[in-house]
Protein chains: 2
Amino acid sequence: MRKTKEEAQKTKESILTAALSCFSVKGYFNTSLDEIAKKAKVTRGAIYWHFQNKSEIFDALHDSLHEPFIQAITRDLETDSPYPLQQLKELLVKLMMELEENTAKMKIMRLFYQCDYSGELQQFKKKHQDKKLKSLQLLQSYFDRAKQKGLLVAEADSEILTLTLHCFIKGMLYEFLTDSKLLNFKSHTEALTTQLFMGLNNCRSACPNTEQ
Amino acid sequence: MRKTKEEAQKTKESILTAALSCFSVKGYFNTSLDEIAKKAKVTRGAIYWHFQNKSEIFDALHDSLHEPFIQAITRDLETDSPYPLQQLKELLVKLMMELEENTAKMKIMRLFYQCDYSGELQQFKKKHQDKKLKSLQLLQSYFDRAKQKGLLVAEADSEILTLTLHCFIKGMLYEFLTDSKLLNFKSHTEALTTQLFMGLNNCRSACPNTEQ
DNA sequence: AATTATACATACATGAATGTATGTTGTCAA
DNA sequence: TTGACAACATACATTCATGTATGTATAATT
């Protein structure tokens, strides 16, 4: 019953997708390894061969989500738009729209927004928060660029702006992911983000009278 | 070993606070009724006398949090300020500040932000979402008033404004509650909220040139 | 003052999940 | 081609939480 290396890799991935499916239906703490095994059509023995325990599956899923996100921002930052905030807004709307079509990603995100890092998951809390900090630093560089280009009023604090944006995104995603009725991707993403940027974008052109 | 009615009420409350304490340390799904009982210095028998099961304790905690929130808004709406958005902003900042000093409330909120409504908690998801909707309607009335008073531009959509604000609050609270390092009540609450309202407040006086 | 129902504590039965130990089969390397 | 080890499956032991059934003392009721 030994399998080829590629086959083994396939079963590992099937375990991950089965776990995600179970988690998104019954939640992390309410799914047993046996349920995951049955969904993946293996036994618990296979899971214990590929992972140490359930929490390691959890962490593996987080990795698969965050890396592409960081990369998307990093790549976008390579182009130096004359209007960094416009660029940022478009990137965010684009990422949100992509999210809607990628149900697997939505399930993973929902998992991390809803779970509490208690019990066996405590060990990952700091690690995952550090990843978040990294992405925040990337976001801030958009505001820094805008300021350098003189697009923001002098008093604007790029850190405050970043945090405000971050809180908004977090809340919007939270609502998208946990309450399917309140927000609607197609009709609200663009409208809400535009509304927010109206404030973040406290620039001279938007309010020409406030300066000069 | 029978107790007086008031004594019984006290044990019920001690069970609730013990449960909250346990939940905030180990999470809902990782605390057993026996742990709660020990913390409250009773036995599981006492818990099963006062509550049907663990999830009913969870729901009782939610009630104790949301009712005062609704009441605070309702009472604030009784005074008809000439500047409704200013009034709203001040109320929000005030509520956030109060939150910081009320560690019990913070623990309850953290519980509901982090938990996933799966397993035995599914039954409460809709109920709790309906409560949220109610509070959203209350918030929207601030924007409606602002519009009636001619403080918003004609295109402003009070629903979009409310949702944007809601997402921001949600995200800010989420960060406050789950990541103690990122945000700081004293220094950030006012700054971020002010920043946000700069955008929500898309009124004539802020940008006199856009109208008339 | 006797009775009853309350407010629990104790005891028990059950089930479910975990981790590990061990078995088995096939692959790959030499 | 044949060990040796990889990739699991199976079996077992243990723990632990839940729900319920039952016991009990005492406050409240009459």
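Throughout, a chain's letter reflects where its sequence line sits, starting with A, and its residues are numbered from 1. What you see is a predicted model; the values in this text were computed from it and never measured.
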Figure out the CZ/C1' separation between B:Phe51 and C:dC8, and round it to whole Å.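 In whole Å, C:dC8 C1' and B:Phe51 CZ are 14 Å from each other.
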In whole Å, I'd like the distance from the CD atom of B:Glu6 to the C1' atom of D:dA28.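 The distance from CD of B:Glu6 to C1' of D:dA28 comes to 13 Å, rounded to the nearest Å.
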Tell me the closest heavy-atom pair linking [X] and [Y], and the distance in Å.
{"X": "A:Tyr28", "Y": "A:Lys54", "value": "O-NZ, 2.8 Å"}
{"X": "B:Gln195", "Y": "A:Ile160", "value": "CB-CG2, 4.3 Å"}
{"X": "A:Lys170", "Y": "B:Gly171", "value": "CB-CA, 4.0 Å"}

Given B:Asp59, which partner from the list B:Gln52, B:Gln123, B:His128 fulfils the side-chain hydrogen bond (donor to acceptor under 3.5 Å, both in side chains) test?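 With B:Asp59 as partner, B:Gln52, B:Gln123, B:His128 yield a single side-chain hydrogen bond (donor to acceptor under 3.5 Å, both in side chains), made by B:His128.
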Look at the rings of A:Tyr174 and B:Tyr113 and say which category their plane angle falls in: under 30° parallel, 30 to 60° tilted, over 60° perpendicular.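 Ring orientation of A:Tyr174 relative to B:Tyr113: tilted.
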Name the pairs: protein N/O against N/O of nucleotides 4-12 of chain D, kept only if under 3.5 Å.
residue : atom : partner : partner atom : Å
D:dC5   : O2   : A:Arg2  : NH1          : 3.1
D:dA6   : O4'  : A:Arg2  : NH2          : 3.2
D:dC8   : OP1  : A:Lys3  : NZ           : 3.3
D:dC8   : OP2  : A:Thr11 : OG1          : 2.9
D:dC8   : OP2  : A:His50 : NE2          : 2.9
D:dA9   : OP2  : A:Thr43 : N            : 2.9
D:dA9   : OP2  : A:Thr43 : OG1          : 2.6
D:dA9   : O5'  : A:Thr43 : OG1          : 3.4

Looking at B:Ile36, B:Asp34, B:Asn53, which hits side chain to side chain contact (heavy atoms under 4.5 Å, CB included) with B:Ile47?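 Looking at B:Ile36, B:Asp34, B:Asn53, the match for B:Ile47 under the side chain to side chain contact (heavy atoms under 4.5 Å, CB included) is B:Ile36.
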Which residues in residues 13-28 of chain B have at least one heavy atom lying under 4.0 Å from any atom of DNA chain D?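 Output list: empty, so none.
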Tell me which residues in residues 29-39 of chain B put a heavy atom below 4.0 Å from DNA chain D, sorted by number, or none.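 Under 4.0 Å from DNA chain D: B:Ser32, B:Leu33.
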Does the side chain of [X] pick up a donor-acceptor pair with the side chain of [Y] at under 3.5 Å?
{"X": "A:Tyr83", "Y": "A:Glu90", "result": "no"}
{"X": "A:Thr189", "Y": "A:Glu100", "result": "no"}
{"X": "B:His66", "Y": "B:Lys134", "result": "no"}

Salt-bridge present (A:Lys131, A:Asp63; N to O < 4.0 Å):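 Salt bridge: yes.
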